[in-house]
Amino acid sequence: MLLHGITTAWVFLKSSDGKNLLTKEQGLSDNGLLELGHDVLGVASAEIKGLDGSKLEKISGNNTVQYSYADPLNPTVALTINSLKMATYAKLIGLEKQGTGWQMADNKPVGGCVVKAPHMTDNGFTYFCFPSGNFLGGDKKLDSDTDSKKTPVTDSLSFAAIDDPNINDLYRIYDTSDSDWKDEDTMFKEILPDYAKTATTGGSPAA
């Protein structure tokens, strides 16, 4: 598959056991899915790593290679979002209100993300789905503005996938060129069994 750019991405929160999608006040939108669209000025980059084992290991015996195996999978996604709302950022990485400010909670919330990328050679798309995992907040490098330009600082999230109880795996890839592809709603229903339609686009969680 020859891909180019990023069409969009979604993030969401789940119950601590990873089985249920959190919605409304507990989640990030009325149906749980938050599309990282125009309200957050889009996703600048999504660096996906560890979809396969880091390397192949070989077992030798009798002076020949008898067997080989791959190291365990370790899928991660480094998301750069142009302008994420503070309340959304806090929910994803596990900050909680103390007084009128935010500080890190004792436990990391369980979340997930889906990245949608367009094909270069046709009108199709590929979806990289990570139904369960944890988000870490990225570092901030604040550079001074100058007399000729402003220096914007984007929001970074690091996501590490964990085994999801609904798909019994770490991730799933969907491609619209597959003969059994149906639509996005079917895809979301497969990875999130309690998903319901009408995702909300925006940069702040449901009130």
Side-chain angles (χ1 to χ4, degrees), residues 1-12 14 21 28-29 31-58 68-84 88 92 111-136 138-139 152-164 166-193 195 197-203:
M1 50 189 170
L2 185 60
L3 307 176
H4 70 98
I6 302 168
T7 301
T8 192
W10 295 264
V11 291
F12 46 89
K14 304 182 77 176
L21 178 65
L28 300 178
S29 72
N31 81 335
L33 292 184
L34 181 68
E35 184 176 358
L36 301 174
H38 178 67
D39 286 356
V40 300
L41 303 182
V43 178
S45 65
E47 185 176 1
I48 301 170
K49 293 183 177 181
L51 294 180
D52 205 344
S54 57
K55 61 180 179 178
L56 287 172
E57 303 286 354
K58 296 178 181 179
S68 67
Y69 62 93
D71 285 343
L73 304 185
N74 183 29
T76 61
V77 184
L79 284 172
T80 301
I81 303 159
N82 284 317
S83 183
L84 198 61
T88 304
L92 286 169
C113 65
V114 174
V115 179
K116 178 181 180 180
H119 295 174
M120 178 73 83
T121 56
D122 59 40
N123 294 322
F125 300 94
T126 299
Y127 300 80
F128 299 89
C129 304
F130 305 90
S132 290
N134 304 109
F135 288 97
L136 291 176
D139 296 335
V153 179
T154 56
D155 295 307
S156 298
L157 290 172
S158 297
F159 176 83
I162 59 177
D163 197 59
D164 180 76
N166 295 318
I167 70 168
N168 295 313
D169 212 333
L170 293 164
Y171 70 90
R172 189 173 285 182
I173 298 174
Y174 290 84
D175 195 279
T176 58
S177 65
D178 290 342
S179 60
D180 54 358
W181 166 260
K182 294 182 180 178
D183 50 45
E184 285 184 0
D185 287 322
T186 301
M187 175 190 74
F188 282 123
K189 190 72 175 174
E190 285 188 7
I191 64 171
L192 302 165
Y195 159 81
K197 201 174 177 180
T198 64
T200 300
T201 302

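These numbers were taken from a predicted model, which means no experiment stands behind them.
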Q: What's the spacing between Ser132 OG and Leu192 CG if we round to 0.5 Å?
A: 8.0 Å
Q: Just verifying a value: how many Å separate Phe12 CZ and Leu28 CG, rounded to the nearest 0.5 Å?
A: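 Rounded to the nearest 0.5 Å, the CZ-CG separation comes out at 9.5 Å.
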Q: If you look only at distance, which donor and acceptor atoms sit under 3.5 Å apart when one is on a side chain in residues 123-131 and the other is two or more places apart or in another chain?
A:
residue : atom : partner : partner atom : Å
Thr126  : OG1  : His119  : NE2          : 2.9
Thr126  : OG1  : Asp175  : OD2          : 2.6
Tyr127  : OH   : Glu184  : OE2          : 2.7

Q: Taking side chain to side chain donor-acceptor pair (under 3.5 Å) as the definition, give me every residue that meets it alongside Ser45, ordered by chain and number, with sequence neighbours left out.
A: Thr80
Q: Could you walk me through whether Val40 and Leu34 pass side-chain contact (heavy atoms from CB on, under 4.5 Å), step by step?
A: CA-CA 11 Å; Val40 300; Leu34 181 68; 5.9 Å; no
Q: Can you tell me how far the OG atom of Ser156 sits from the CG atom of Leu84, to the nearest 0.5 Å?
A: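 So the gap between those two atoms works out to 10.5 Å.
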Q: Between the main-chain N or O of Leu21 and the side-chain N or O of Tyr195, is there a donor-acceptor pair closer than 3.5 Å?
A: no
Q: Calculate, to the nearest 0.5 Å, the distance between atoms OG1 and CG belonging to Thr76 and Asn134 respectively.
A: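 These two atoms lie 13.0 Å from each other.
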Q: Looking at Arg172 and Asp164, does any basic side-chain N land under 4.0 Å from a carboxylate oxygen?
A: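 Judged by the 4.0 Å cut-off on N to carboxylate O distance, Arg172 and Asp164 do not form a salt bridge.
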Q: Can you list everything that forms a salt bridge (Lys or Arg N to Asp or Glu O under 4.0 Å) with Lys49? Sequence neighbours excluded, please.
A: Glu47
Q: Please step through side-chain contact (heavy atoms from CB on, under 4.5 Å) for the pair Val114 and Ile191, ending with a clear verdict.
A: CA-CA 10 Å; Val114 174; Ile191 64 171; 3.9 Å; yes
Q: Where do Phe135 and Val11 land on the side-chain contact (heavy atoms from CB on, under 4.5 Å) test, with the steps shown first?
A: CA-CA 10 Å; Phe135 288 97; Val11 291; 4.0 Å; yes
